[in-house]
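Whatever order the structure lists them in is the order used to number ligands and atoms, beginning at 1.
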Amino acid sequence: MITAYHRPQTLDEALVLLSQPNRTPLGGGTLLSHLKFDSVEAVDLQAISLNTINKQGNNLEIGATVTLQQLLESEHCPETWKSALKLEAPLNIRNSATVAGTLVACDGRSTLATILFALDAKLEIKSINKFELMEMEMESRPPKQEVATVGLGEFLPLRLDQSRGKLITSISVPLSGKFAFDYVSRTPADKPIVCAALAQWNSGRTRLVLGGHGKSPLLAMDGTEAEGIETAAHNAFHEATDEWASAEYRMDVAATLAKRCLESIK
Ligand SMILES: Cc1cc2nc3c(=O)[nH]c(=O)nc-3n(C[C@H](O)[C@H](O)[C@H](O)COP(=O)(O)OP(=O)(O)OC[C@H]3O[C@@H](n4cnc5c(N)ncnc54)[C@H](O)[C@@H]3O)c2cc1C
């Protein structure tokens, strides 16, 4: 339940609000507005201009409050991302849900988290610590922001701790390599039972991330070349049984999808 609502006008104001306990950022609010048990104060991010998409050299800088649909329609959105963005959520949700909110709230079936993890996306996370807040008030000056850059792969398993009192401000995605995404689901528009995202850079570095099961997507391989990718995909899902599919099924499908992704970038 949301017990209080704040709408800061600047990033500093948002960070000061979030430095107090029990306050949480509100992106699109599609999930937060449905909280039944936790009481939180929402800090709405819509007025602080974190909704831009910029291509800087070989990096795509995605503001935290860019909506899934805004990203999908952006001239900078790579074609290879589009099916994954459409699978993430239906249009009405895509129009509200933000990229950062989706990464914080995602589970293993998130196609967006799967592709961004494979691409080795980095999150910029800002905060203001309590001591800085006291000094800032005594000295009547703007607060000094703490800035951390965290790989999505490190962020996902610890995301509740990593985002408490903090704000994801942007997501930076390297676009220099080759990329492929493929999936299997009950129907073409359904959430995947297995999905695979493969990124390969000029150096030969190859990353395979699998989605479709568990609490977050899984890094199946990050190697200096693609050798052994099907085996890595197969082995990664050896315990991936749930109500949607058995581990045996997922292991076979993951190996096939990894092979298809690799063939498509050759
Ligand atoms: C009808 C309906 C259908 C849905 N269908 C799906 C679905 O098919 N698949 C699916 O995965 N999800 C689904 N969801 C859940 C939800 O839509 C997604 O998780 C959504 O992407 C969350 O994004 P948001 O911007 O709305 O996040 P919010 O609801 O605003 O926030 C979600 C979490 O992220 C945190 N957060 C938001 N922005 C930031 C930030 N910048 N920095 C740090 N923390 C932040 C919030 O504090 C909160 O903990 C559905 C929800 C509804 C209501």
Does [X], at its [atom1] atom, have more than 12 non-hydrogen atoms belonging to other residues, nucleotides or ligands within less than 6.0 Å?
| X | atom1 | value |
| --- | --- | --- |
| H238 | NE2 | no |
| K215 | NZ | no |
| E225 | CD | yes |
| E263 | CD | yes |

With hydrogens left out, which residues have an atom under 4.0 Å from ligand 1, given that only heavy atoms count?
-> T24, P25, L26, G27, G28, G29, T30, L31, L32, H34, L45, A64, E88, I93, A97, T98, A100, G101, T102, V104, A105, L167, I168, K191
What closest approach, in Å, do E41 and R23 show between heavy atoms, and which atom pair accounts for it?
-> OE1-NE, 2.9 Å
Salt bridge R109-D190, side-chain N to carboxylate O under 4.0 Å = no
